[in-house]
Amino acid sequence: MSNTPASNDAKQSLSGLPRRLVREEVLSEQDALQALADANTNKRQLISHLVHHMDISATRIANIAAQEFGFSLFDLKALTADMLPSEHIKEESVAKNNALPIFLRGSRLFVAISDPTNTTALDELKFSSGKTIIPVLVEEDKLAELIEQVANDDGVGGLGEGLDESFDMELGGDEASNDDEDTSDIDDTPVVRFVNKVLMDAIKRGASDIHVEPYEKVFRVRYRIDGILQEVAQPPLNLAGRLTARLKVMSRMDISERRVPQDGRIKLKISKNRAIDFRVNTCPTLFGEKTVLRILDPSSAQLGIDALGYEDSQKKLYMDALSNPYGMILVTGPTGSGKTVSLYTGLNILNTPDTNISTAEDPAEINLMGINQVNVNPKAGLTFAEALKAFLRQDPDVIMVGEIRDLETASIAVKAAQTGHLVLSTLHTNDAPQTISRLMNMGVPAFNVATAVTLIIAQRLARRLCDCKQPADIPKEVLLQEGFTEEDLNGGLELFTANGCNKCSEGYKGRVGIYQVMPISEDMGRIIMSDGNAIDIADQAKKEGIDDLRRSALKKVMAGLTSLEEANRVTQD
């Protein structure tokens, strides 16, 4: 039979792995041809068909494929779903291509495949991730098992169980009266579960914000992780209305109103003892409503001052200011620089049974037992200034104002600080010396500023290097230009740069605070009262040994906590 023309044609039509499997006597020629035909008809990969439908040993096929294509074989038993680079895993793509990203090393994404000829999947991943793809050969049965774990995981796109759906929301009313076809079915299970997974995954990955964004041809979800936005999912465009409506219902918004921005709040109970709040805002755009959720974790105020990244000398200055019975502590920096956490860490230290603490915020971001918190409502006449006036009639010890925005609020806060109250607040300025200029530009008299303000903290948040960091070889001349001193370099300075592993994001994991902590000394008070500007105050601060933001950032670089690239991103020379 083997010498018949039909048999010769069969041999000629087999190549690559099927031919090798026949040669190794794993399959007969006829079975190999039939397997190819069946896999083609059913749109399956050959190896998957052989393992799952013909009961051929996955290990034996993998060993033969490794020899045929020159690959090393990797054992997937060493991995679990929670160890994978989830930001590069899209469940639909994984299931379709039978290719699973398993490691991220800098710009290289390692992808597990059981079929070395599966170049289409590798090309697709290269395009979607922007990374260099390194294929890793694995056994088909173990790959299928891990892909199933991913599908059942709590990550975005998965439909696994395990979420305590104790949401602080009310259904009905607006939902029932909405006749729009895009939102009439907002309680269908896939949409509800997808939204729940987006929220849970954001918490697990330490995101600070969630952006849900509709465009003309795509609908995407992004997380802000360690200050950087990352795309994590692209739900089908036709679900945009339903997903947005679901979030609006959970936030107690009017789902029938799409023409104006709306604000809301979600409380998500993730365990018996822990709940996370989401501050939600919708804004009409060209192709729908963009929804942004700010994640507010009350436990962040319980971290303690040691976890915030203050140098020992800076921590002492902050603690000394908090121990004063009166005066004003100002925290300044751009949005997202951690001002609220710094303030609430201080409030938590002051929060004792013998202290009356009141806060006015827009809105209150972190709920703390023992603190009287007020949400300002300008439309109803409850402004920061009005709230402050009310607080002063309620026997306060400590007052926190979410932000000083106008002269009236600033004047009342300053007077409160001068009359026996400790006042904490925030401003939006670039550094500590500019905060003084900002108050005087608002119209607060220089004498009042000099006598009321006791401490100013300017801050930024830099991404913290992961343990996978690697030494950075930077020439001495460059380091001197960046602001390092000869003394720094003579001390055996070792700097690090980001590398990247499956436990971090681009070589970074978490964030560390960079601070300029400036107490108002007598000499600074004289400069303020003589109408000195921010440059004069900065020069005096330097004479008094106060590190500016740049110097504080370089100290974090020298300590190996962050990279020079990251220090340059968040501070200026």
Under a 4.0 Å threshold between the charged nitrogen and the carboxylate oxygen, would [Y] count as salt-bridged to [X]?
| X | Y | result |
| --- | --- | --- |
| Asp523 | Arg526 | yes |
| Asp488 | Arg551 | yes |
| Asp263 | Arg279 | no |

Is [Y] close to [X] at the side-chain level, that is, under 4.5 Å between some pair of heavy atoms?
| X | Y | value |
| --- | --- | --- |
| Glu544 | Met518 | no |
| Gln314 | Ser552 | yes |
| Glu231 | Arg222 | yes |
| Phe391 | Thr359 | no |

Side-chain ([X]) to main-chain ([Y]) donor-acceptor, under 3.5 angstrom:
| X | Y | value |
| --- | --- | --- |
| Lys476 | Leu489 | no |
| Thr409 | Ile404 | no |
| Tyr223 | Val198 | yes |
| Ser337 | Leu461 | no |
| Thr426 | Gly402 | yes |

- Just by distance, with hydrogens left out, do Glu565 and Ser563 show a side-chain donor and acceptor under 3.5 Å apart? yes

- Indicate whether any N or O donor in one side chain lies under 3.5 Å from an N or O acceptor in the other, for Thr571 and Arg550. yes

- Please step through salt bridge (Lys or Arg N to Asp or Glu O under 4.0 Å) for the pair Asp312 and Lys316, ending with a clear verdict. CA-CA 6 Å; Asp312 289 341; Lys316 185 178 185 306; over 6 Å; no

- Message: If you count heavy atoms of other groups shown closer than 6.0 angstrom to NZ of Lys509, is the number above 12?
- Response: no

- Task: Evaluate whether atom CZ of Phe447 has more than 12 neighbouring non-hydrogen atoms of other residues, nucleotides or ligands under 6.0 angstrom away.
- Result: no

- Message: Let me confirm one number: the CG-CD1 distance from Leu455 to Ile457, rounded to the nearest 0.5 Å.
- Response: 5.0 Å

- Message: For Lys556 and Glu566: C-alpha separation, side-chain torsions, deciding distance, then whether salt bridge (Lys or Arg N to Asp or Glu O under 4.0 Å) applies.
- Response: CA-CA 10 Å; Lys556 294 295 191 294; Glu566 186 66 5; over 6 Å; no

- Message: Name the residue from Thr282, Val280, Asn281 that meets the side chain to side chain contact (heavy atoms under 4.5 Å, CB included) definition with Ser251.
- Response: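 It is Val280, the one option of Thr282, Val280, Asn281 that forms the side chain to side chain contact (heavy atoms under 4.5 Å, CB included) with Ser251.
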
- May I ask you to decide if the ring planes of Tyr310 and Tyr515 are parallel, tilted or perpendicular, using 30° and 60° as cut-offs?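 The rings of Tyr310 and Tyr515 lie parallel, inter-plane angle below 30°.
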
